[in-house]
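Have a look at the structure below, then the notes.
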Amino acid sequence: MSLTTDIFVNIFAERRTQEIYKSKCVRPRFNDFLNFVYDIQDDNQHDFASMLHQAWKKDDATFGLIIRERIKHCFLEVAEIEADEEKEEYQRLNAISHRLSDLMRERTPSSVGDSR
């Protein structure tokens, strides 16, 4: 891919990450919360439990805010993964498109005088 295309794809992926993240924050699906639960179970269960223990002594609003921020962090991580997957798919399809164009160019005479 050309440098210009790479820049365009990277900018698109960054914007797409933000779009996915905002969508998850505004209207989270059940699976978004499941991803959060799995994230806690797999990676940092002890860290999250420690954070909950410390936050428990705070008022309800602060406790809720701490939980919400942790969930939103998970949403952002998932949004980055989803945007990267879309970017990779775009790059794969773009490479196929270029290969097909090259094949068509090879099979098509470059000028009318060349065909006999």
Side chain to side chain contact (heavy atoms under 4.5 Å, CB included) evaluation trace for Arg68 with Lys72: CA-CA 6 Å; Arg68 182 180 298 273; Lys72 288 172 102 177; 3.9 Å; yes
Aromatic centroids of Phe75 and Phe33 separated by under 6.0 Å: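 Between Phe75 and Phe33, which both carry aromatic rings, the centre distance is below 6.0 Å.
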Cluster link Trp56 to Ile71, ILVMFWY, side chain under 4.5 Å: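 Trp56 clusters together with Ile71.
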Residues Lys87 and Asp84 bridged, charged N to O under 4.0 Å: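 No, no charged N to carboxylate O under 4.0 Å.
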If we ignore hydrogens and angles and just use 3.5 Å, is the side chain of [X] paired with the main-chain N or O of [Y] as donor and acceptor?
| X | Y | value |
| --- | --- | --- |
| Ser101 | Ser97 | yes |
| Ser23 | Glu19 | no |
| Asn31 | Leu34 | no |
| Asn10 | Ile7 | no |

Working to the nearest 0.5 angstrom, can you tell me the gap between [X] [atom1] and [Y] [atom2]?
| X | Y | atom1 | atom2 | result |
| --- | --- | --- | --- | --- |
| Arg16 | Glu82 | CZ | CD | 8.0 Å |
| Arg70 | Ile67 | CZ | CD1 | 9.5 Å |
| Ile81 | Ile20 | CD1 | CD1 | 10.5 Å |
| Arg92 | Asn94 | CZ | CG | 11.5 Å |

Side chain to side chain contact (heavy atoms under 4.5 Å, CB included) assessment of Glu80 paired with Tyr21: CA-CA 8 Å; Glu80 289 169 345; Tyr21 172 70; over 6 Å; no
Distance-minimising heavy-atom pair for [X] and [Y]:
| X | Y | result |
| --- | --- | --- |
| His73 | Glu77 | NE2-OE2, 2.8 Å |
| Ala13 | Ala83 | O-CB, 3.6 Å |
| Ala79 | Lys24 | N-CE, 4.4 Å |

Side chain to side chain contact (heavy atoms under 4.5 Å, CB included) between Ile96 and Arg99, worked out: CA-CA 5 Å; Ile96 291 171; Arg99 277 188 251 139; 4.2 Å; yes
Heavy atoms of other groups near Asp102 CG, more than 12 under 6.0 Å: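 Yes, CG of Asp102 has more than 12 neighbouring heavy atoms, counting only those of other groups under 6.0 Å.
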